[in-house]
Number of protein chains: 2
Amino acid sequence: MKTLAFMTGLGVTTVSRALKDAPEIGAETRRRVQLVAKQIGYRPNRAGVRLRTGKTNVISLVLNTEHELMSFVSDIIYGVTEVIAGTPYHLIVTPYSRSQDPLDPVRYLVETGSADGVIISRTQPNDPRARYMLEHGIPFATHGRTDMGLVHPYHDFDNYAFAGEAVRALAGKGRNRLALVTPPVGLTYYGHTVNGFADALSDTGASEVPFNTVSIDQSIEQIRMRTAQLMRRKDRPDGFVSSAAAATLAVVAGIEDAGLKLGRDVDVVSKQSSELLHLFRRELLVVNENFRVAGSELARAVLGWIGGADPGTLQSLSTPSEVLPYRG
Amino acid sequence: MKTLAFMTGLGVTTVSRALKDAPEIGAETRRRVQLVAKQIGYRPNRAGVRLRTGKTNVISLVLNTEHELMSFVSDIIYGVTEVIAGTPYHLIVTPYSRSQDPLDPVRYLVETGSADGVIISRTQPNDPRARYMLEHGIPFATHGRTDMGLVHPYHDFDNYAFAGEAVRALAGKGRNRLALVTPPVGLTYYGHTVNGFADALSDTGASEVPFNTVSIDQSIEQIRMRTAQLMRRKDRPDGFVSSAAAATLAVVAGIEDAGLKLGRDVDVVSKQSSELLHLFRRELLVVNENFRVAGSELARAVLGWIGGADPGTLQSLSTPSEVLPYRG
DNA sequence: TTGGCAACCTGTAACGTTTCAGTATATTGA
DNA sequence: TCAATATACTGAAACGTTACAGGTTGCCAA
C-alpha cells in the first residue's frame, strides 16, 4: 500500500480509503487509485488487516474426525468452498476427536479469535457449542437444528418428512412391520427421524419392530450382525427405513446373511448422498440428501450473519426427494 | 504479551525470548515467564506473528472440487489434521474447479504468502505446480510422484505393484483376457498403473483386452454403458483391474447388464479406500488403499520440509495389501 | 584499580493496515 | 470581505510480535 501511495503521490490513508470506496475521497482520485492497484496486482495483506481490525476473513468448519461419515464431509466442504470462492474468505478445517469435549475446538476458535464464523455439525437439541457461541457473539451456523429456544442460523434436512415418506412408501408396497435404523442417538435429527417414523406408522396402521440398539454410527459389522439376528426371528420386519447409505449396505448384507431376499421378503428405504445404492441393489428404494447444497447453505448463512443479517432469517430446511425406485 | 511483561515485571522483549527458550535468558526467568504464561492461558496472536515474521502457521490443501473422488478427500483431510493437531498449524482448504488453471490456486497462495506449506494432488509427470513452487521456494508435498528430474517430497501408493498383483491374482484364477479401468489420463499414476498392468501381462502370458476409452474419472453411467458394450462382444475380457471403487460399482453393473455373472464369467480386482466393496459383491477381489495414511504422510512431509529437512528424504511409497477375497 | 567480557535484560522500530484527529484549500452565505 | 463550512487529503498511532542494537551488572585477570 505504501507503494501505491508513492505511485499515486497520495498518502497511505487516502489510498486505504480510496480502495474501500470511502465517501470523502474524490471520484477521480478513487478511480485512479483503484486503477493503479489493479495494474500492480495489489492484494491487501491479511495479517495487516487482521491485526488492525480483528477481522480474520476465515470461516472454520468444525469436524469430528472419527464419527463423520466420510463422503458427506467432502461434499459439505465443496459446498462451502463454492460459496466463499469470490469472497476474501478462507476455509479452515478444525478437527476434534472422540476423546475430546466437542466444545474444545469451538472454545479455541473463540478464545484465539481465529475465525469470523463457524460451522458445526452433529448438532444436539441442547447444544453447548451453539449456546457458547451465542454467548460470545460469534456468528455461526449449525448443520441440523437445536431445540433450546435460542435462534441461530441453521441448515437441516427434513428428516421428519423423510422418515414419514419412507414409511408411506413401504406401506404402499404392503409392508407393515417396519424397523428403523436411526441416526446417532443424542443428535437432534435422531428425534426428528424417530418422530416422523412413529407418526407415519400411526397414519398407515403399520407397526414398529423394535431395532433400537442399532444406529448409523455403529460399525458395518455390528449393524450387519444385528440385522441378521433380527431377520432370523419369526417376528421379523418386512421393511426397513435407513438413515444412511453405509448402514444400508450393512443392513442388506445382514438380510442376505439370514437367507432372505430384498424386494421379496423385505423392502428397504434408505437415504443416500451419492447415487450408488441402486448400483448396489436395484431393489432398494432411495431418498437423496444433497450435502453439497447443505455446505453452500451453511456458508451462506454464516456469511449472512457476519454481514449483519438477522440470524432468524438465515435458517433453511431441505425437503427430501420422493422415494425413488430403480429406473434402469 | 504486554500483560505478561507487566505481571513478571520484565520487558516484552525478555518475555518474547523467554517463551521461545532463547539462550540468553536466565533459567529461572524463563521458567517464571512460562509458568505465568500457562497460568493466564497466553496464546500468541497469529496475526502479530504473521505480520512480523511472515510465518503463517498454515498448511494449504489444494483440491479440485469437481474431479476428486469424494470419500478419498475426507480421509486425506483427516490424515492431515491428525498430524497437525498438537502443532500450531491450521489447515486451509483451497479449491479450484475444472474451468480454472490448476496453477491458479497455487499462484495465489504463493503470491499472497497465505501458507507456509502446500499439499497438492492429481500430480502429473510434468507438473507445472511443482515446478512453480520449487522456483518460488515454498515447501510442498505432492500426492503422487512427478517425473521431471526434480526432487521434492511426495507420498504415493505403489500403483505399479497394485496393477501387477491384480493381474497375477487374476491369472492365478485362470483369467487371461484382462481389461484395465485406468486412472485419469495425464496423471502420473496412470502411467504407473498401465506399466504395472502391461509388465505383469508379459510375465503371466495373459493378454490385454483394450478398454482404453474408460478411466475412473468418467461418470458412473459412462463406465457402466461401455462395460456392458464390451461384455457383449465375443472377444470380451474374463478379468478386470479397476483403479477405484466407484468405477468398480459401475463395471459390475455393466457386467450384469450384459447378463454375465461375477466370479463365474469374469473376475474383478479393485482398489478400494473403505471396506465396502465386499458388501456390494462377495466375489470381488480387493486391494486396500488407505488415504488417511496418505494425508498423514503428506502432512509430515511438508512439515519436515518447513522444518528444514532435506526434501529428498521426505518421500514415501505405500505398498499395496495383498489381493483380498471375501472372508465372511 | 581498571579494562574486558559474559550474562542478562531492555527500548525502539518495523511488519501492513485502519482510525483518529487533524490541515489545507475551495466554496458558500451574509 | 470575512467567517463558516464542505471537500479532499494527510500524519501519527495502534494492533501483537520479533529483531536489532544496545544497556547494566558482576566477575575476573592484569
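Keep in mind the model is a prediction, meaning the values are calculated, not measured.
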Subject >> Nearest-angstrom distance from the residue atom CZ of A/Arg50 to C1' of C/dC15 >> reply: 15 Å
Could you grab the distance from atom [atom1] of [X] to atom [atom2] of [Y], nearest 0.5 Å is fine?
X        : Y        : atom1 : atom2 : answer
B/Leu4   : B/Gln39  : CG    : CD    : 11.5 Å
A/His152 : A/Arg145 : NE2   : CZ    : 10.5 Å
A/Ile306 : A/Leu314 : CD1   : CG    : 11.0 Å

Original post:
Can the ring centres of A/His143 and A/Tyr154 be said to be less than 6.0 Å apart?
Top reply: no
Original post:
Can the ring centroids of B/His90 and A/Tyr108 be said to lie less than 6.0 angstrom from one another?
Top reply: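 Close enough - the centres of the two rings lie under 6.0 Å apart.
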Produce the list of close N/O pairs, under 3.5 Å, pairing protein atoms with atoms of nucleotides 5-8 of chain D; give distances to one decimal.
none

**OP:** Mind checking A/Gly9 for me? I need base, sugar-phosphate or nothing, with any heavy atom below 4.0 Å counting as a touch.
**Re:**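 It contacts sugar-phosphate atoms only.
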Original post:
Taking atom types as modelled, is there a side-chain donor on B/Asp116 or B/Thr56 under 3.5 Å from an acceptor on the other?
Top reply: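 Judged by distance alone, the side chains do pair up.
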**OP:** Determine the minimum heavy-atom distance between A/Ser121 and A/Arg129, stating which atoms define it.
**Re:**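 The answer is O-NH2, 2.9 Å.
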Using atom names, set out every protein N or O paired with an N or O of nucleotides 16-19 of chain D below 3.5 Å, distance rounded to 0.1 Å.
| from | atom 1 | to | atom 2 | distance (Å) |
| --- | --- | --- | --- | --- |
| D/dG16 | N2 | B/Gly48 | O | 3.3 |
| D/dT17 | OP1 | B/Tyr42 | OH | 2.7 |
| D/dT17 | OP1 | B/Asn45 | N | 2.8 |
| D/dT17 | OP2 | B/Met1 | N | 3.3 |
| D/dT18 | OP1 | B/Lys20 | NZ | 2.7 |
| D/dT18 | OP2 | B/Ser16 | OG | 2.8 |
| D/dT18 | OP2 | B/Lys20 | NZ | 3.3 |
| D/dT18 | O2 | B/Arg52 | NH1 | 2.2 |
| D/dA19 | O4' | B/Arg52 | NH2 | 3.3 |
| D/dA19 | N6 | B/Thr13 | OG1 | 3.0 |

Original post:
Is any NZ, NE, NH1 or NH2 atom of the basic residue among B/Arg31 and B/Glu28 found under 4.0 Å from an Asp or Glu carboxylate oxygen of the other?
Top reply: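 Salt bridge between B/Arg31 and B/Glu28, a charged N being under 4.0 Å from a carboxylate O: no.
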